[in-house]
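Please read these numbers as outputs of a predicted model, since none were measured by experiment. In what follows, every chain begins at residue 1, and chains take the letters A, B, ... in the order their sequences are listed.
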Number of protein chains: 2
Amino acid sequence: MRLFIEKGFDGATVEEIATAAGISRRTFFHYFESKDDILLSLQGDVGKLFAAEVRRAPPATSPFALVRDAALRVCASIPGDDMLAIDRLMRGSASVQARKQASYRQQEEALFSAIRERWPEPERETRLRVLAMVAVGATRLASETFNQEGGARPFDEVLRGAFDAVTAEFTTTAP
Amino acid sequence: MRLFIEKGFDGATVEEIATAAGISRRTFFHYFESKDDILLSLQGDVGKLFAAEVRRAPPATSPFALVRDAALRVCASIPGDDMLAIDRLMRGSASVQARKQASYRQQEEALFSAIRERWPEPERETRLRVLAMVAVGATRLASETFNQEGGARPFDEVLRGAFDAVTAEFTTTAP
DNA sequence: AAAAAACATGCACTCAGTGTAATATAATAA
DNA sequence: TTATTATATTACACTGAGTGCATGTTTTTT
């Protein structure tokens, strides 16, 4: 982390990082598949947390409400300062940035599986895929806003705002 | 393309690709920033097409309908066979896959800008970000399904199904 | 035809990532 | 404790992506 802050992501070589950590270059690659993984591993397995939360959630008024509340609970457990710091470092590398986006797709997949267990009717599949996409997407939008604002508002609030915007934009009052 | 099919993405070296194309390795990197870009450039600038379509679209009943119809028009112009072929090649490399996901974020950004021009009210910003996210997300889900199915149904149909699922999942009948 | 701009290439270099084999360290059985 | 056996660490050598720089080769422009 110190090296990344001092020299940037590309500026710090694996050699330097390994030496600073008191191990050899080769041993570094025994613990991390790539240099990117240093930052990616910090992100943690949000997808699995999210899915687990959905599985243990009580019956809800709607799938959307259940997923929204699960998202709020998961994110309540993540310190905002860490989010800001990790995000700042990740901006340093395009390939890290790309893999981060790719990780959202995995989260979506994990979340979909969990949702699917609760509503297994085949004809609902597409709708539930959409739900998972929206949930992960809203969470991503919230974290983008949160980082953009530099943590001005608490993450919970921003996240709730994102989910509320979904409701507001798509819930048309039918006759 | 031939080399990628024969030897896989990682199996084909830039050296070989350049030679097969009748140029030098160094010249290759004059045209492509990276090996990944060979496949990524095939994807084309879908985001810009999408945004342009939104800009030229006639007034619509709702932002959602406008964006949905724009998506349908853009995708009508893309040959399904190409989509399948490109997708098959892209599966060969994790880093290409990652950059592809990252490109969806850029599409979202471009789309958001275009939508924003039509509804510039500041208080709508979050809702329109959500709309762009959902539109790009639905398009992505549709193309995932389309590729999964190997092109069994026409892309238009799958895409329409994805947007319909959004409506179905979120349009609750209020009293 | 001469000058300038754009394109192509060769060369040398850095660095990420991998396979392999040797060596050290820790864990376990005797 | 000692011998044995995993397991962790390392050195070494190699491939291949990507870059900077200098030089050569076309096109354009004047």
Side-chain angles (χ1 to χ4, degrees), chain A residues 1-45 47 85-107, chain B residues 1-48 85-107:
Chain A
M1 292 312 121
R2 183 175 52 76
L3 288 169
F4 283 157
I5 291 163
E6 281 174 19
K7 321 178 122 192
F9 185 82
D10 290 330
T13 68
V14 171
E15 182 80 54
E16 292 169 326
I17 295 164
T19 303
I23 58 175
S24 74
R25 208 178 83 88
R26 196 62 186 83
T27 302
F28 167 88
F29 281 113
H30 189 69
Y31 285 96
F32 295 93
E33 285 201 349
S34 68
K35 192 177 161 184
D36 293 0
D37 281 9
I38 302 172
L39 295 182
L40 265 354
S41 69
L42 292 176
Q43 187 96 18
D45 250 325
I86 294 171
D87 186 79
R88 212 172 308 123
L89 283 176
M90 283 189 163
R91 286 184 197 291
S93 156
S95 96
V96 171
Q97 203 77 7
R99 291 191 118 91
K100 183 183 172 184
Q101 296 305 316
S103 83
Y104 288 127
R105 214 201 145 269
Q106 289 170 7
Q107 288 179 30
Chain B
M1 292 311 123
R2 183 175 53 75
L3 287 169
F4 283 158
I5 291 164
E6 281 174 18
K7 321 178 123 192
F9 185 82
D10 289 330
T13 69
V14 171
E15 182 80 53
E16 293 170 324
I17 295 164
T19 303
I23 58 173
S24 74
R25 207 178 85 89
R26 195 63 187 82
T27 302
F28 168 87
F29 282 113
H30 189 68
Y31 286 93
F32 295 94
E33 285 202 350
S34 69
K35 191 177 161 184
D36 293 0
D37 280 9
I38 303 173
L39 295 182
L40 265 353
S41 69
L42 293 177
Q43 187 94 23
D45 250 327
V46 183
K48 285 184 182 159
I86 294 170
D87 186 79
R88 212 172 310 123
L89 284 175
M90 283 189 164
R91 286 183 198 292
S93 157
S95 97
V96 170
Q97 203 76 6
R99 290 189 122 92
K100 183 183 171 184
Q101 296 305 315
S103 83
Y104 288 127
R105 216 202 143 269
Q106 288 169 7
Q107 288 180 29

Next on the checklist: Using whole Å, what does the distance between atom P of nucleotide D/dC21 and atom CZ of B/Phe29 come to?
Outcome noted: 17 Å
Item to check | Closest contact, heavy atoms only, B/Ser93 versus B/Asp36 | outcome: OG-OD1, 4.5 Å
Checklist entry - Ignoring hydrogens and geometry, is there a side-chain-to-backbone donor-acceptor pair from B/Lys35 to B/Phe9 under 3.5 Å? => result yes
Checklist entry - Quick one: is B/Tyr31 getting a side-chain N or O under 4.0 Å of the C/dA8 phosphate, OP1 or OP2? => result yes
Item to check | Rounded distance in Å - CG (A/Asp10) to P (D/dG20) | outcome: 12 Å
Checklist entry - How would you label the contact of B/Phe28 with the nucleic acid (heavy atoms, under 4.0 Å): base, sugar-phosphate, or nothing? => result nothing
Item to check | Rounded distance [0.5 Å steps], CZ in A/Arg99 versus CD in B/Gln97 | outcome: 11.0 Å
Checklist outcome for this item: Here the distance between atom P of D/dA17 and atom NZ of B/Lys35, to the nearest Å, is 5 Å
Item to check | Quiz item: B/Arg25 side-chain donor-acceptor pair to D/dG18 base, under 3.5 Å | outcome: yes
Checklist entry - So which nucleotide from C/dA16, C/dT20, D/dA17 ends up closest to the side chain of A/Arg26? => result C/dT20
Checklist entry - Reckon A/Thr27 has a side-chain N or O less than 4.0 Å from the OP1 or OP2 of D/dT10? => result yes
Item to check | Between P of D/dA17 and CG of B/Leu40, the distance in whole Å | outcome: 16 Å
Next on the checklist: Rounding to an integer number of Å, can you tell me how far B/Ile23 CD1 sits from D/dT25 P?
Outcome noted: 18 Å
Next on the checklist: In whole Å, I'd like the distance from the NE2 atom of B/His30 to the P atom of C/dG10.
Outcome noted: 15 Å
Checklist entry - For the atom pair CZ (B/Arg88) and CZ (B/Phe4), what is the distance rounded to the nearest 0.5 Å? => result 15.0 Å
